[in-house]
Peer 1: 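Following this message is one structure expressed as structure tokens.
We count ligands from 1, going down the list as the structure has it; atoms in each ligand are counted the same way. Note that these values count all heavy atoms, side chains included, but never hydrogens, waters or copies made by symmetry.
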Amino acid sequence: MSVGRENWGSRFGFIMAAAGSAIGLGNVWRFPYITGTNGGGAFLLIYLGIIVAFGVSLALAEMVVGRTAQRNPVGAFRALGGARWAGVGFLGVFTGFAILSFYIVVAGWTLAYIVQSLRGGLHSTDPKVLEAAFGAFVSDPVAPIVYAGLFIGLTAWIVVGGIARGIERWNKILMPALFVILLVLVARALTLPGAAQGLSFYLVPDFSKVSTRTFYDAISQVFFSLSIGMGTLLTYGSYLSKQENLPSAALTVVLLDTCAAVLAGLMILPAVFAFGFNPSAGPGLTFITLPAVFASMPFGAVFSVLFFTLLAIAALTSAVSILEPMVAYFVDEHGLDRRRTVIVAACVCFLLGVPASLSFGLWNGFTLFGKTWFDLMDFLSNNLLLPIGGLLTALFVGWAWAQPAAHHLSNEGKLHQPWSPLWLFVLRYVAPLGILWILLSSLLK
Ligand code: PHE
């Protein structure tokens, strides 16, 4: 065990940081548009079903592994399961790079939209105008890349600051603020004339739209949104003291993340219908719809600045949690200097982000397997690496390390947990079979 390893300042701090990791672009940007392209209500139901079936159990599994080993993903799997399992940790470190490459691009858009709102641009409720403005911005060969660079720079700055004073302090203030403003915007969206159609699209399931693809997109979204499958929750758990009650912390984090996603859907989808946008517009959906919501409310410009600022911050707290596991790996296992590691890792992510940004303009035509670099990185991490990481974690905790897992989960028997056999059952059978079935049925089609 590493001596002098930093810890969270408090249990609340840990929960806020883990929630800060979970709540990010996945909730506000990705969830509404994935729901939109998958036909609405039925997708929401399947998404929630997967969270209940094994999302919570997997989040908890990662936290237990991390807290027990008090190490980064590679070190933790190696310490608890031997060299054979270290690969799961490596997979996570690799996944972090893939995710950040497109994450910083979208996060950069949020920064740009703060500036735009400050300038009073984007003031329109006309879909054509807003779509054109978004298209013109993201296809620019320079500006979005500069914003992405700025964003990864900010992320690196926080990660250099360390755990309690860097990551924890910010999350404690900003997460509650984000929820408040989400609620205000939901209230506005729901009272727009024509919102009802969007509401029924979102809440009334139409099962004729369900295919294997729906399950596949839902499972990817669950992993991405809950930050599971790449060792983020594991790493955050590793900074937690051994007295905390993990199950309740895990449940709180999952609940907060799910509320944020459901609220984001309630904010975007009614507005999509009220203003006549196309719900399957893809990655631009949030960025073209929200300005219309702002333009239709009193003090819209103020809300716009506030909202994109909070979204950028939510993205920042998530990006920090994607960067931290790989940094922890190089620092713990190779004894590298933290600051230098952060800088190098951030530069690599930035370089990977350049083609992702150019995917919307200059390099739009360069595709691999029919996907641009941006889509490829999104697909690779969300549709393959995270579910595979989650599958292996479930197999590790459910089969290879089951007895110690239950023991450590209960703080060496101090907590009464009559349901822990159920948790292990989920990790043994439900999660692996569920993930495998969804992956194989979509990929082999
Ligand atoms: N959960 C984050 C979001 O919703 C993204 C993330 C994925 C963070 C994987 C950490 C690990 O934006």
Side-chain angles (χ1 to χ4, degrees), residues 16-35 47 51 55-56 58-59 62-63 66 72-73 88-89 91-110 151-152 155 158-159 167 171 174-175 178-179 182 217-238 250 253-265 283 286 310-329 345 349 377-390 393:
M16 283 297 109
S21 162
I23 301 172
L25 295 173
N27 307 62
V28 181
W29 160 71
R30 203 170 186 277
F31 177 77
Y33 94 74
I34 293 281
T35 307
Y47 174 81
I51 292 183
V56 189
L58 272 171
E62 271 200 33
M63 289 182 188
N72 66 90
V88 185
L91 192 72
V93 170
F94 178 75
T95 309
F97 284 102
I99 297 186
L100 274 178
S101 71
F102 70 88
Y103 207 86
I104 60 170
V105 172
V106 181
W109 298 349
T110 66
F151 181 81
I152 186 74
T155 309
I158 296 189
V159 176
I167 301 178
N171 276 309
L174 299 166
M175 282 298 123
L178 183 72
F179 265 93
L182 262 181
D217 281 345
I219 198 171
S220 320
Q221 182 59 26
V222 167
F223 281 92
F224 184 66
S225 191
L226 295 181
S227 309
I228 44 186
M230 62 153 282
T232 282
L233 294 180
L234 185 157
T235 308
Y236 274 23
S238 79
V253 171
V254 171
L255 274 176
L256 287 173
D257 184 71
T258 308
C259 284
V262 171
L263 283 177
T286 298
L310 285 171
L311 182 55
I313 292 162
L316 193 61
T317 54
S318 301
V320 159
S321 78
I322 308 174
L323 193 57
E324 178 60 31
M326 53 174 108
V327 170
Y329 161 68
C349 294
M377 288 299 116
D378 182 325
F379 180 82
L380 183 71
S381 38
N382 295 323
N383 293 47
L384 291 177
L385 297 173
L386 290 181
I388 292 172
T393 307

Peer 1: Are any non-hydrogen side-chain atoms of Leu385 and Met230 less than 4.5 angstrom apart?
Peer 2: no
Peer 1: Which value, rounded to the nearest 0.5 Å, describes the distance between Thr317 atom OG1 and Ile322 atom CD1?
Peer 2: 9.5 Å
Peer 1: Working to the nearest 0.5 Å, report the span between OG of Ser227 and CG of Leu58.
Peer 2: 12.5 Å
Peer 1: Under 3.5 Å, is there a donor-acceptor pair between the Ser21 and Ser321 side chains?
Peer 2: yes
Peer 1: Does Asn382 have any side chain to side chain donor-acceptor pair (under 3.5 Å) partners at least two apart in sequence or in another chain, and if so, which?
Peer 2: Asp378
Peer 1: State, yes or no, whether a side-chain contact exists between Thr110 and Phe151 at a heavy-atom distance under 4.5 Å.
Peer 2: no
Peer 1: Quick check on ligand 1: any N or O pairs to the protein under 3.5 Å? One line per pair.
Peer 2:
unit_1   : atom_1 : unit_2 : atom_2 : d
ligand 1 : 1 (N)  : Ser21  : O      : 3.2
ligand 1 : 1 (N)  : Ala22  : O      : 3.0
ligand 1 : 1 (N)  : Phe224 : O      : 2.7
ligand 1 : 1 (N)  : Ser225 : O      : 3.0
ligand 1 : 1 (N)  : Ser227 : OG     : 3.0
ligand 1 : 4 (O)  : Ala22  : O      : 2.8
ligand 1 : 4 (O)  : Gly26  : N      : 3.2
ligand 1 : 4 (O)  : Asn27  : OD1    : 3.3
ligand 1 : 12 (O) : Leu25  : N      : 3.1
ligand 1 : 12 (O) : Gly26  : N      : 2.8
ligand 1 : 12 (O) : Tyr103 : OH     : 2.5

